[in-house]
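Here is the structure we will look at, set down as structure tokens.
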There are 2 protein chains.
Amino acid sequence: MTSTAPTAATPEDLLRGVGLRVTAPRVAALRAVGDSQHATADDVLSSVRAELGTVSVQAVYDVLHALTDADLLRRIEPAGHPARYERRTGDNHHHVVCRECGAIGDVDCSVGHAPCLTPSDDRGFVVETAEVTYWGLCPDCSA
Amino acid sequence: MTSTAPTAATPEDLLRGVGLRVTAPRVAALRAVGDSQHATADDVLSSVRAELGTVSVQAVYDVLHALTDADLLRRIEPAGHPARYERRTGDNHHHVVCRECGAIGDVDCSVGHAPCLTPSDDRGFVVETAEVTYWGLCPDCSA
DNA sequence: GACCTCAACTGGAATCATTCCAGTTTACGG
DNA sequence: CCGTAAACTGGAATGATTCCAGTTGAGGTC
């Protein structure tokens with residue numbers, strides 16, 4: 001039982017919706033990320049293998065890339081920790097990352113309307129996105 | 001020797017100031033990072049070797065860690081790119097990172113007083129720092 | 001100014017997430 | 001039901017960084 005959002009679309013529908021072929025690894029991966037918040041590629045690999053049997057490492061990376069490119073998943077890459085994936089896309093929310101174990105929590109943009117979104121001086125860069133990361137210790141590790 | 005203004009501290013003074021032994025690799029690394037803004041470990045390795053001859057890879061990583069721990073350097077770790085180091089520490093300024101080449105620019109905190117510094121909901125995490133990264137294309141790569 | 005000790009350095013092997021490659025399978029439009 | 005591009009397989013390679021065991025040297029002590 002997943003989040004009963006207005007978009008209660010099945011993985012199959014989601015894939016078709018963005019014009020991607022419906023394959024077992026993709027369906028399984030999409031479900032795996034939905035079930036466990038902020039799963040790593042390795043987590044996804046385990047889940048998918050548990051469900052389907054033999055699936056190559058490469059397949060999972062391919063799938064995660066395809067889904068990320070199609071905006072069905074969002075990739076989070078905290079410095080010093082393997083990348084993690086989540087289903088919440090589109091809303092620009094941020095993350096708290098545990099320095100110890102790499103655990104991640106979602107944080108909605110506090111000031112309401114994307115605060116730091118425009119740099120004071122863009123240094124000639126064409127800025128596309130702003131990303132806020134909070135670093136600290138998760139409940140478990142701060143014991 | 002000439003005891004100059006406190007702001008114009010030599011690498012040697014900086015090292016002694018934080019209680020670190022003064023060694024050739026450290027002095028050279030400190031200078032290398034100061035000269036080229038946002039140098040990678042590899043950049044530093046090259047500079048240090050150009051100055052001193054043979055220096056081990058490990059020595060440079062050790063040095064960069066020691067200097068970062070002592071707050072003489074700040075480490076920036078942009079997702080998908082090797083870590084970079086800078087001399088500006090203490091002030092919480094942020095960075096623009098080029099998606100293409102990994103080039104980095106400094107950005108002072110726009111809204112003046114650390115805007116997103118407190119998450120709306122800390123999820124039980126003990127939050128220590130907030131980090132803002134702007135992603136885009138540098139002047140060269142946006143051509 | 002020689003001595004001692006632990007921090008710092010050497011060099012080579014190992015790690016880990018991720019990607020590259022060449023060949024095989026499969027979804028799905030025609 | 002067929003053909004083809006897109007997906008997947010499995011194994012080797014990459015690249016930044018770290019681990020390890022042994023050697024060197026900075027700087028306090030006498």
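A, B, ... follow the sequence lines: proteins, then strands. Residue 1 opens every chain. Note that the structure is a prediction, hence the values are computed from the model and not measured.
- Of the residues in residues 44-56 of chain B, not one comes within less than 4.0 Å of DNA chain D through any heavy atom.
- To the nearest angstrom, C1' of C:dT19 lies 12 Å from CZ of A:Arg75.
- The minimum heavy-atom distance linking A:Ala29 with A:Val63 is given by the pair CB-CG1, 3.6 Å.
- No option in A:Val33, A:Thr40, A:Leu67 other than A:Val33 meets the side-chain contact (heavy atoms from CB on, under 4.5 Å) test with A:Tyr85.
- Using modelled atom types and a 3.5 Å distance limit, the side chains of A:Ser46 and A:Asp43 yield no donor-acceptor pair.
- Contact of the A:Arg99 side chain with the B:Val126 side chain is not registered, since no non-hydrogen atoms from C-beta on lie closer than 4.5 Å.
- Using a distance-only test at 3.5 Å, with no hydrogens or angles considered, a donor-acceptor pair links the side chain of A:Arg84 to the main chain of A:Gly102.
- Side-chain contact between B:Cys98 and B:Trp135: absent, with no pair of heavy atoms (C-beta onward) separated by less than 4.5 Å.
- Rounded to a whole Å, the CG atom of A:Asp62 is 14 Å from the P atom of D:dG10.
- The shortest side-chain heavy-atom distance between A:Thr68 and A:Arg74 does not fall under the 4.5 Å cut-off.
- The CZ atom of B:Arg26 sits 14 Å away from the C1' atom of D:dT24 (whole-angstrom rounding).
- Between B:Glu131 and A:Glu131, every side-chain heavy-atom pair lies at or beyond the 4.5 Å cut-off.
- Using a 4.5 Å heavy-atom cutoff, the side chains of A:Leu15 and A:Leu72 are in contact.
- Per the geometry, CG belonging to A:Leu67 stands 10 Å off P belonging to D:dA7, to the nearest Å.
- Between its two ends, the helix from C:dG1-D:dC30 to C:dG30-D:dC1 turns its axis by 30°, counting five pairs per end and rounding to 10 degrees.
- Put simply, the side chain of B:His81 does not reach to within 4.5 Å of the side chain of B:Ile104, judged on heavy atoms.
- Each side-chain hydrogen bond (donor to acceptor under 3.5 Å, both in side chains) pair with one or both residues in residues 22-39 of chain B, not counting sequence neighbours, appears once here: B:His38-B:Glu86, B:His38-B:Asp106.
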For nucleotides 23-30 of chain C, read 5' to 3', which letter fits each nucleotide if B means a protein heavy atom sits under 4.0 Å from the base, S means only the sugar-phosphate is that close, and - means neither?
----BS--
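- B:Pro82 places none of its side-chain heavy atoms less than 4.5 Å from the side chain of B:Asp42.
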N/O to N/O distances under 3.5 Å, protein versus nucleotides 16-23 of chain D:
residue	atom	partner	partner atom	Å
D:dT17	OP1	B:Ala83	N	3.1
D:dT17	OP2	B:Tyr61	OH	3.0
D:dC19	N4	B:Gln58	OE1	2.6

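- Sorted pairs that involve residues 47-57 of chain A and meet side-chain hydrogen bond (donor to acceptor under 3.5 Å, both in side chains), not counting sequence neighbours, are lacking altogether.
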